[in-house]
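These values consider heavy atoms only, across backbone and side chains, with no hydrogens, waters or symmetry-generated copies.
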Amino acid sequence: MRIGFLITARLKSSRLKRKILLDLNGSTVLDHVIKRAKKVKNIDGVVLCTSTNSQDLELKDYAVNNNIYFFKGSEDDVLKRLYDAAKYFGFDGFLSITADNPLHSFTYPNKIIDLVKKNNFD
């Protein structure tokens, strides 16, 4: 079973512009999210999932610089974007986190993945 860790990200913030690219203790918020996502064990890839909107194109650089995958999908339908990314990369399942959550747990995703792989859930 192939499992991906998908990070949803866009730069279209209305209340706090470009919040995922703001500095947080020397790195961007997005850099922190990616770093923590890479600590999840037994995944088959981390993917930065963004929209087809031209303003989000610069996020590709963050994926490349952090050695993770990049996917552009639906601007308005986040679930479709995630589903399409999972299909594109051949994942049987995925975990998802938003790019504005720099302190997300990597402990619980590890537990979830271990449980799913041990029991071969569909």
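Between the N66 side chain and the I68 main chain, no donor and acceptor come within less than 3.5 Å of each other. When atom types are taken as modelled, the side chain of R18 and the backbone of L11 share no donor-acceptor pair closer than 3.5 angstrom. Judged purely by atom type and a 3.5 angstrom limit, N110 has no side-chain atom pairing as donor or acceptor with the backbone of V40. No donor-acceptor pair closer than 3.5 Å links the side chain of K117 to the backbone N or O of I3. Without hydrogens or angle criteria, H32 side chain to L24 main chain gives a donor-acceptor distance under 3.5 Å. Put simply, the side chain of R10 never gets that close to the backbone of S51: no donor and acceptor are under 3.5 Å apart. No donor-acceptor pair closer than 3.5 Å links the side chain of D44 to the backbone N or O of G4.
Note on V46: it clusters hydrophobically with L30, by side-chain heavy-atom contacts below 4.5 Å among ILVMFWY residues. If you chain together hydrophobic residues whose side chains sit under 4.5 Å apart, I112 and I97 fall into the same group. Connection of M1 to I113 is established within a shared hydrophobic cluster, with ILVMFWY side chains joined at heavy-atom distances below 4.5 Å, either directly or through further cluster members. Note on F91 and F106: separate hydrophobic clusters, where clusters join Ile, Leu, Val, Met, Phe, Trp and Tyr whose side-chain heavy atoms are under 4.5 Å apart, directly or indirectly. In the hydrophobic clustering of this structure, L48 does not group with L79; members are Ile, Leu, Val, Met, Phe, Trp, Tyr whose side-chain heavy atoms approach within less than 4.5 Å, directly or through other members.
Side-chain contact check for T98 and N101: no donor-acceptor pair (N or O, by modelled atom type) lies under 3.5 Å.
Open room surrounds CG on N25; 12 or fewer heavy atoms of other groups in view lie less than 6.0 Å from it. When the shell of 6.0 Å around OH of Y83 is examined, it contains 12 or fewer heavy atoms from other residues, nucleotides or ligands. Around atom NZ of K72, no more than 12 heavy atoms belonging to other residues, nucleotides or ligands sit under 6.0 Å away.
No salt bridge links K118 with D114; every basic N to acidic carboxylate O contact stays at or beyond 4.0 Å.
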Problem set entry | L6 vs F89, side chain to side chain contact (heavy atoms under 4.5 Å, CB included): CA-CA, chis, key distance, verdict | CA-CA 11 Å; L6 309 182; F89 289 102; 5.8 Å; no
For this session: Could you walk me through whether D100 and L16 pass side chain to side chain contact (heavy atoms under 4.5 Å, CB included), step by step?
Result: CA-CA 11 Å; D100 59 357; L16 182 57; over 6 Å; no
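Using cut-offs of 30° and 60° on the angle between ring planes, the pair Y88 and F71 is tilted.
Closest heavy-atom contact between K12 and E75: NZ-OE2, 3.5 Å. Closest approach of D56 to F70, counting heavy atoms only: O-CZ, 4.5 Å. For the residue pair P109 and L95, the shortest heavy atom distance occurs at CB-CD1, 3.8 Å.
With sequence neighbours excluded, no residue forms a salt bridge (Lys or Arg N to Asp or Glu O under 4.0 Å) with K39.
Rounding to the nearest 0.5 Å gives a distance of 10.0 Å between CG of L82 and OG of S74. Taken from CG in L21 to CG in D31, the straight-line distance is 8.5 Å, to the nearest 0.5 Å. The NZ atom of K41 sits 9.0 Å away from atom OG1 of T107, with the distance rounded to the nearest 0.5 Å. Rounding to the nearest 0.5 Å places CG of N67 at 10.0 Å from CD1 of I34. Summarising the geometry, atom NZ belonging to K38 is positioned 10.0 Å from atom CD1 belonging to I43; distances are rounded to the nearest 0.5 Å.
The side-chain contact (heavy atoms from CB on, under 4.5 Å) test with I7 singles out one residue from V33, I20, T50, and that residue is V33.
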